[in-house]
Structure formats: structure tokens, C-alpha cells
Participant: 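Below you'll find the structure I mean.
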Amino acid sequence: MTRLSGYFLPTERQAPADAEALSHKLTVRAGLARQVGAGLWSWLPAGWRVHQNVVQIVREEIDAAGGQEMLMPLITPAELWKRSGRYAIDEVFKFRDRRDAELVLAMTHEETVTTHVANAVRSYRDLPLVLYHFQTKGRDEPRPRAGLLRTREFIMKDAYTFDRDFDGLDVAYERLAGAYDRIFDRCGLEWYSVESDVGAMGGTGAHEYMAPCAAGENDVALAPGYAANVEIASAEPRPVPPLSGLEGELHTPGQTTIEAVAGALGIDPGQALKAFPVVTESRGLVMVMLRGDHRVNEVKLANALCESVRPATAEELEAQGLVAGYMGPREGVPMLLDDAVHEGPWVVGANRPDHHRVRTVTGERADVRTVEVGDTVNGNPITIEPAIEVGNIFKLGTRYSEPLGATYLDENGAEQLIVMGSYGIGPARITAAAIEQYADEKGISWPRSIAPWDVEVVSLGKPGTPERAAAEALYDELREAGLDALLDDTDAGTGEKFTIAELLGVPLRLTVGRRSLESGAAEAQVRRGRVDHEGGVPLAGAAEAVRELWRSLP
RNA sequence: CGGGGAGUGGCGCAGUCUGGUAGCGCACCCGGCUGGGGGCCGGGCGGUCGCAGGUUCAAAUCCUGUCUCCCCGACCA
């Protein structure tokens, strides 16, 4: 029973001055959520309805995939995190209780759930398992941003699978991936899954579920049949003609950038090589060489070298006789060539001021560049677009079962490590993504599956009038028919009611006023596209017509 | 963490440079009109200027310190 009079829906005509992202502005303007502190938000009643709708869809699909819902605490002993090795992560909220015991706000629940499984599971007969919960996560983000998009406290659905071996994990992973597909479809999002980086976590496979939108924090490379996070994407580079007409030493005074060198020599930037000196713990200085028109991808580089990298310092360069602005291959400095760098010839730095030279290059090769627009995959040019990560699935393997001692006895009585997967979804991000993807200049346009209400009845009549009575009757009838209806029975003016209805974004709006009484029908407008439904819906026996119309909505 | 910006009624802002005791629009309350796109008229309530200290006869305004928030980047299971 929801009447707008008396409902806590504080709308704003203007967005907060510091809001940038569309979903941030609309979340506040439509009275869905309010900020408490940096990255800390309260859900207001209307917003919480949306969140709950998303949660219910997720719950149904994870249950259907064999999930068993439970609940683990937000506060956890630091000891667990020290054992798993995650205590050192900066984003972990750490604090102490009155007895000075160290505690942690869980950022996810691998440690906790694995401990339970380690204690309870003894035999291969106890596996497999899919356990999950919806629980608040604490993350001390260095930079919360964009309203609900990146917060320091948020509810996540995190699921964990426990299997006897990697084959079992693959099966569970595929089943959960199928559930994820259905979840995002049902939520009405435009989405795709992309391969993602597993590097630091030591997993064996991972996908991210991305909802494209302007406020997205991730860049995704797309081509027909291909989607990958730019962090790890691979593609064929734009071809460049072989270098010709130049050889030997080149005088390039003051030309310290590829653009300057290419401009002065009249060559394509892709015919010169760029040097990117990095330092790793085990290798020391490594000279990464890329085509001049390409950029280093540090995630791919770190993955290729199997260790973290940092840029070399000026002192380290000098010690090797490398000259900033004119760096090139040099005796005694190991080189790593990007895959796009063939043997040559190339224009490269000569390692002395104001000089480049032409030469061929050889060395270890790896794909370490960032893809860019103009590259191709299977002959198709790629595009790159921003997206919100709304979910991720990850083959953890034994990353947690090993340190936390989660093992079982197999058929032969031999102790084996349990093989795990983890699967996260952020309902708040789904909510924000839906706003981002479908909002127009008037406000939000919810997918019907997650909308705070199914239908909004705008009553234009004053209390006591026949128009108002008709609106009330319609509202009652819709509710009795099982539709989730919102009645605007406030004494606001007509324009204000319509404006707020469009801001709030309920998928179907029915208007009952004088005209309705004359025609015997309530006007119906579909929020998506603001399309008037021809003839409206009859006031007599409206529920059936409304239900049918509602079913046809996006 | 680096760079930039901002804290003045619920929201959006002006006032700060050039100290003189706080103002505008919207919202809100009361009355009336209006009643199909945040309508109109009239009358009201509400802030001590993020916080602390200092200078001064006098501080939103000048000085010092501090807290908070936002944006870009770094970072980000």
C-alpha cells in the first residue's frame, strides 16, 4: 500500500552541485538514496525497493543453481585474514575491540566461509557445495566516487563453490555463469561478460560482467564475438608499412618524443620504437620496446614477466648509459619486445643526445601493449567503451583452501585440497547501471523487473471529487490484482506530479482526471520513450488491461 | 598518495578581494486563487557563515591550525 502523500520520497529539483555521474544525480534527485559520508550511503524507501527487487532476482537464480543461502558476520577476527595473507591489503578496514583484540570488516567472505567448510567437511561425500549470502562489505577505498558506484560500504551477494577437483570447479563455474546470464537479463540490463585479469589472485580463470554506460570505471574492448577488459585485451595492431629510405645515424636535435621524431623524419609513428624501461625484482632493469604508436599495458606486462614492475628511476637509467628522450637498445640491457615489433628495421633512440638511428631488433617477445581503436580481432575493428562492473566470477582454485586447511578425504582415504570458486554481484551497481543505461532528460526509466513500483496512478482530482474517487478505485483494483501500485494522492499541481513521476521512473503511469471520467479511460503512458498507450486503459475492469500492458514493457 | 576545487537555512547560490553584524531563487508554513506538465498572489518560519584559536572597537570576510566533502589521476579481487 503506497500512497505518495505520507511516503518518504524527498525529491530535489536540482542535483547536488558536486554530483557528476548521471546515476549519482538521479539517485539523489529522485529520493532513492542519500549520502552520509564519503562512500557511505543510506537507501531511502523507494531506492531500497529497487535494491530488494534486484536481490530477489539474484536469490532466485542462485538458488536455482544449487546455492544455499546463509549469513556470515561483517566483523571478523584479524587472525583469519593474517592466515589468508590478506591482512596487509590497504583497503581492509582494521580496528580493535575493548579488549584490544584485532578485528576486520570483511571485504568479502572467503576466509569465513572456507573456515566453516574446513571444519565441517570431512569426506568427498560432503562435496560439492554452493554457499552464498547477501552481506555488507567494508572496503576502505582510496577514492569513493560517483554516488553508489564505488562506496566504502555496500551489500554484495557473494557465493562460493567447493568441489573435489578442478573438473568439478569447471562444472560449478559454468552453472553459476549461466545463473549470472539470467540474472542480468532479468534485471533488464544491457551487459556482457569479459575475460578478466586473474594475475595477482593466482586463480585459473575469471570473468567480469560489465554493464556499458558513460559513468563506467572500466574500459572494455569489443569486437564481434570478442569482449575483454582493456587491462588484458589482445588484438591485431593497425598495419604500418615497412621503414624505407632511412639508415644509420639520424640527427634529431631536441626531438625527445615519438611525435617529434616521426614528424621531423616524415615517417609514421608506428615505424619508430618507443623504449619503456622498467625494473623488476628478479630481472633488474628491462628495456620494453613497443611500436611508437602503442602504449604499454602494465597489467599485461606484469603478467608476462610474472612479477610486478615499476618504472626505472633516472639514476638507474643513467647507470646503464641510457639517455632519456633518446633511449634505444643497448648492449648489456635485456630487452622485451612487444609482439607488434617485428625484426625491423626501426627508428630507435641512439642512447646519445639528439640522435636516433635505424636498426633491427631481436629479443624476448610478449604481448604487453594496450589495445586501441583501430586494432582488429579476427579482421573486425574493435571499439572501446566504458562499463560498470556489476559482477564477477573467479576460479579461486586452492588459493584459500590451502592456507585455511580446507581438505577432504577422497575415495582412497587420501587427503585432498578443496577446489573453490567465488562469485560476486553488487545489487547497488545493478541499480546504478540501470539508471545510467535508461535514463532520459526527464529522469529514470526502470526496467519493469526492478522498478520500485509496477505502475503509478496519478490522481489529478482533489479529495472528495469524483476524479479522486475514480483514482482510488483504480488503485485498489490494481492492488487487488496483485500489481504493485503507487498512488500520487498529494495535492501538488498537475505538472509537478507528472514531473516527479518521470523523475522516479515507474514503468507505467496511469492518469485519472476529469478527462478520464468523460472518456471512461485512464490515460496510460509508458515511461520508456514516454509513449502514450492508444486509448488508455478502461476505468471499468482496468486491472486486466493494465496487467497485459505491463507484461509488454521492457 | 599527487593535483585541483568547495564548505554560508533542506537544495542551488551571492556576499569574502576592499572587515561594519547575512542575502537571493527554489523548497517549507499560513491564507486565497488555480487545477492536464514543478502554476499565480499575499503573508511568514528558518542560518551566526565546517570547527578551533588569533588579529581588531568590530570577522562570513584578515591570519594560523584543523576537520569534512567533491573532481582528475594513482590505486582498486
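To find a chain, count down the sequence lines: A is the first, B the second, and so on, and within it residues start at 1.
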Participant: Per the side-chain hydrogen bond (donor to acceptor under 3.5 Å, both in side chains) rule, what does the pair list look like for residues 499-513 of chain A, sequence neighbours excluded?
Facilitator: A:E502-A:R509, A:E502-A:R530
Participant: What is the base-pairing partner of B:rC26, counting Watson-Crick and G-U wobble geometry with both distances under 3.5 Å?
Facilitator: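 Base-paired to B:rG10.
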Participant: Would you indicate what A:R515 reaches in the nucleic acid, counting non-hydrogen atoms under 4.0 angstrom: base, sugar-phosphate, or nothing?
Facilitator: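 If one applies the 4.0 Å heavy-atom cut-off, A:R515 turns out to touch a base.
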Participant: Between A:Y475, A:W446, A:Y7, A:W550, which is the residue that forms a ring-ring contact (aromatic ring centres under 6.0 Å, His included) with A:W453?
Facilitator: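 With A:W453 as partner, A:Y475, A:W446, A:Y7, A:W550 yield a single ring-ring contact (aromatic ring centres under 6.0 Å, His included), made by A:Y7.
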Participant: Would you mind pulling out the nucleotide paired to B:rC33, Watson-Crick or G-U wobble, both distances under 3.5 Å?
Facilitator: B:rG39
Participant: Would you classify A:E20 as touching base, sugar-phosphate or nothing, given that sugar-phosphate means primed atoms plus P, OP1 and OP2, and contacts are heavy atoms under 4.0 Å?
Facilitator: sugar-phosphate
Participant: With both distances under 3.5 Å as the test, what is the Watson-Crick or G-U wobble partner of B:rU48?
Facilitator: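 Base partner found: none.
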Participant: How do A:Q35 and A:R530 order along RNA chain B: which one's closest nucleotide is nearer the 5' end?
Facilitator: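 Result of the comparison: A:R530.
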Participant: Give A:E110 one of three labels, base, sugar-phosphate or nothing, depending on what nucleic acid heavy atoms sit under 4.0 Å from its own.
Facilitator: base
Participant: Do the ring planes of A:W48 and A:H51 sit parallel (below 30°), tilted (30 to 60°) or perpendicular (above 60°)?
Facilitator: parallel
Participant: For a quick check, tell me whether the side chain of A:E496 and the base of B:rG39 share a donor-acceptor pair closer than 3.5 Å.
Facilitator: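 Side chain to base: no pair below 3.5 Å.
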Participant: Under 4.0 Å, counting only non-hydrogen atoms across every strand here, what does A:A15 touch: a base, just sugar-phosphate, or nothing?
Facilitator: sugar-phosphate
Participant: On the 0 to 90° scale, with breaks at 30° and 60°, tag the A:W41-A:H24 ring pair as parallel, tilted or perpendicular.
Facilitator: perpendicular
Participant: For RNA chain B, whose closest nucleotide is more 5', that of A:K497 or that of A:R34?
Facilitator: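 So the residue in question is A:R34.
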